[in-house]
2 protein chains.
Amino acid sequence: MARSALTREEVLATAAALVRQHGPQTLTMRKLAAGLGTAVTSIYWHVGNRECLLDALVERTVQEMGTLRPTGRAPAARIVSVARGLRRELRARPHLIAMVHERGLTERMFLPAQQALVHEVHAAGLRGARAAAAVRSVQFHTVGFLLVERNRERSPVQSPAEGDLWSESTAGGDPALARALARPADPDRLFATSVRALVDGLLAGSSQERRSPGQGPGVTAE
Amino acid sequence: MARSALTREEVLATAAALVRQHGPQTLTMRKLAAGLGTAVTSIYWHVGNRECLLDALVERTVQEMGTLRPTGRAPAARIVSVARGLRRELRARPHLIAMVHERGLTERMFLPAQQALVHEVHAAGLRGARAAAAVRSVQFHTVGFLLVERNRERSPVQSPAEGDLWSESTAGGDPALARALARPADPDRLFATSVRALVDGLLAGSSQERRSPGQGPGVTAE
DNA sequence: ACCTGAACACCGTTCAAGT
DNA sequence: ACCTGAACACCGTTCAAGT
């Protein structure tokens with residue numbers, strides 16, 4: 001049952017297909033070999049080992065992502081739109097997030113958004129180290145939010161859930177707050193709110209420093 | 001070579017020790033059995049299986065965490081101090097973050113900070129759904145930041161690194177920005193900056209809404 | 001009630017041997 | 001240059017059998 005010559009591209013393609021269907025955890029060299037119709041060991045000749053295979057898969061998937069075009073007029077709105085675009089692109093490739101995280105490549109997820117963010121933050125009037133901190137704040141927030149969000153989706157009901165703690169009057173006599181915390185969070189709204197607040201906060205300090213003699217931004221180091 | 005009776009507590013204790021030394025990935029039932037001086041299968045009688053064992057370990061480690069006492073006077077400073085306290089507590093238990101994330105229990109990491117945050121956000125004048133969104137924004141930001149941070153620590157040098165893209169004049173004629181992005185991020189400073197900005201942004205909209213007739217906060221849903 | 005070894009169905013990887 | 005099967009050193013888990 002000889003099959004046509006195996007190529008590295010074919011290995012990556014079927015590996016990507018398997019990951020897309022069942023997630024990276026279930027991708028084993030043996031299943032991949034079965035999918036390819038070859039011996040397990042043939043794969044090693046083309047991609048090295050499982051580690052290299054997943055690295056290549058991450059790289060390939062990141063490059064599939066489109067470039068991010070900001071929308072809106074106000075600087076804050078344009079920065080927010082980049083963050084939302086990054087989230088949208090990453091959510092469209094759910095397994096990428098897991099693969100990248102497992103492999104310690106979170107930084108990789110930052111890059112598609114970084115150039116757009118630098119441009120917008122610059123346009124918003126931030127310069128130098130302040131601008132860099134703003135870019136990274138948005139990056140960390142967006143990617144971190146996605147990691148938490150994806151993780152939460154994986155096991156929807158947890159115990160003790162948040163709601164268990166706030167079911168009644170524990171929330172300082174604010175029943176609306178208690179109800180809101182008892183309900184599961186709406187990720188879309190929460191992301192919109194938090195990114196907007198973050199960007200507002202980052203831009204608010206741009207024109208004038210709040211602390212008179214200090215050099216660093218915000219809170220002093222511990 | 002009969003040993004004294006095995007207890008569930010003893011299993012959890014040595015499992016915790018092994019995880020603390022080498023991380024959750026390296027904890028195998030067989031190594032654990034070797035550490036305990038029993039047969040592998042004895043463990044199953046006491047803790048069910050590996051899944052249950054790790055669940056119990058997560059629960060135990062979360063409960064070791066102290067309660068968070070806010071410091072400072074201004075509402076924003078007190079909220080920031082809770083976020084920093086949560087980060088400190090979690091960083092003191094590095095493997096907890098990995099275990100919790102692997103097991104889809106990220107929500108579990110939120111709880112120790114939630115009560116303190118609710119109190120402070122309420123004191124800052126936020127009520128109802130707005131207060132809940134603020135609490136969750138800080139929670140998501142802090143835990144998300146930690147996930148990214150820990151991940152980044154695991155593989156310090158990545159390629160292409162951020163610096164490779166900004167080594168020269170690409171950063172819109174802002175050499176200080178280019179230099180800042182070429183250097184690795186300082187997580188302590190970045191966390192301080194981002195949390196401060198986030199909290200400022202969340203509290204800034206508390207006294208008056210920015211949008212006149214709208215009901216939702218910030219950006220409209222897509 | 002608690003512990004055990006044998007056995008099962010998996011893994012990733014190496015390597016000598018083939019063509 | 002490319003592919004193969006056998007083998008190695010691991011896994012988690014089940015289960016009948018012991019005390």
Side-chain angles (χ1 to χ4, degrees), chain A residues 1-59 95 98-105 154-155, chain B residues 1-59 95 98-105 154-155:
Chain A
M1 192 65 66
R3 41 149 298 149
S4 61
L6 189 63
T7 64
R8 179 184 159 88
E9 276 312 302
E10 195 186 355
V11 173
L12 292 182
T14 51
L18 286 176
V19 165
R20 198 160 27 242
Q21 287 172 34
H22 308 103
Q25 305 272 21
T26 69
L27 178 71
T28 73
M29 302 300 268
R30 284 174 156 90
K31 279 186 200 151
L32 178 54
L36 287 164
T38 56
V40 201
T41 45
S42 305
I43 302 170
Y44 285 80
W45 199 91
H46 290 279
V47 297
N49 55 22
R50 188 168 187 274
E51 191 124 342
C52 299
L53 171 61
L54 287 177
D55 279 344
L57 237 47
V58 165
E59 199 52 45
H95 299 309
M99 283 170 56
V100 156
H101 188 79
E102 276 166 31
R103 314 198 52 64
L105 299 173
R154 254 181 36 197
S155 65
Chain B
M1 192 62 68
R3 41 149 298 150
S4 60
L6 189 63
T7 64
R8 179 183 159 88
E9 276 312 302
E10 194 186 354
V11 173
L12 292 181
T14 50
L18 285 176
V19 165
R20 196 158 28 240
Q21 286 171 33
H22 308 105
Q25 306 271 23
T26 70
L27 177 72
T28 72
M29 302 301 267
R30 283 171 156 94
K31 279 186 200 150
L32 177 55
L36 288 163
T38 56
V40 202
T41 46
S42 306
I43 302 169
Y44 285 80
W45 198 91
H46 289 281
V47 297
N49 54 24
R50 188 168 187 274
E51 189 123 343
C52 298
L53 170 62
L54 286 176
D55 279 343
L57 238 48
V58 165
E59 198 52 42
H95 298 309
M99 282 170 56
V100 156
H101 187 80
E102 276 167 30
R103 315 198 51 63
L105 299 173
R154 254 181 37 197
S155 65

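Computed from a prediction, not measured in an experiment: that's the story for all the values here.
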Going through the distances and angles, do B/His101 and A/His101 end up as a side-chain contact (heavy atoms from CB on, under 4.5 Å)? CA-CA 10 Å; B/His101 187 80; A/His101 188 79; 3.5 Å; yes
side-chain hydrogen bond (donor to acceptor under 3.5 Å, both in side chains) involving A/Asp55 - partner list, sequence neighbours excluded: A/Arg103
Return the set of residues passing side-chain hydrogen bond (donor to acceptor under 3.5 Å, both in side chains) with A/Glu9 (not counting sequence neighbours), or none when no residue passes.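 A/Glu9: side-chain hydrogen bond (donor to acceptor under 3.5 Å, both in side chains) contacts with A/Arg60.
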For A/Arg50, which residues count as a salt bridge (Lys or Arg N to Asp or Glu O under 4.0 Å) partner, sequence neighbours excluded? none
Residue list, salt bridge (Lys or Arg N to Asp or Glu O under 4.0 Å) with A/Glu102, at least two apart or on another chain: none
Only one of B/Leu53, B/Leu54, B/Leu57, B/Leu32 forms a side-chain contact (heavy atoms from CB on, under 4.5 Å) with B/Val47, so which one is it? B/Leu53
Side chains of A/Leu12 and A/Arg8, heavy atoms from C-beta outward: is any pair under 4.5 Å?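 Touching, per the 4.5 Å side-chain cut-off.
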A/Trp45 CH2 to D/dC3 C1': how many Å, rounded? 10 Å
Using a 3.5 Å cut-off on both pairing distances, which stems of three or more Watson-Crick or G-U pairs include DNA chain C? C:4-8 with D:12-16, C:12-16 with D:4-8
OP1 or OP2 of D/dA1 less than 4.0 angstrom from a side-chain nitrogen or oxygen of A/His46, does that happen here?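 No, because none of the side-chain N or O atoms of A/His46 sits under 4.0 Å from OP1 or OP2 of D/dA1.
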Is the distance from OP1 or OP2 of C/dT4 to the nearest side-chain N or O of B/Ser42 less than 4.0 Å?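 Result: yes.
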Tell me, for nucleotides 8-19 of chain C in 5' to 3' order, what letter each nucleotide earns: B for a base near a protein heavy atom under 4.0 Å, S for only sugar-phosphate near one, - for neither? ---BBBBB----
Is the number of heavy atoms from other residues, nucleotides or ligands within 6.0 Å of CD (A/Gln21) greater than 12? yes
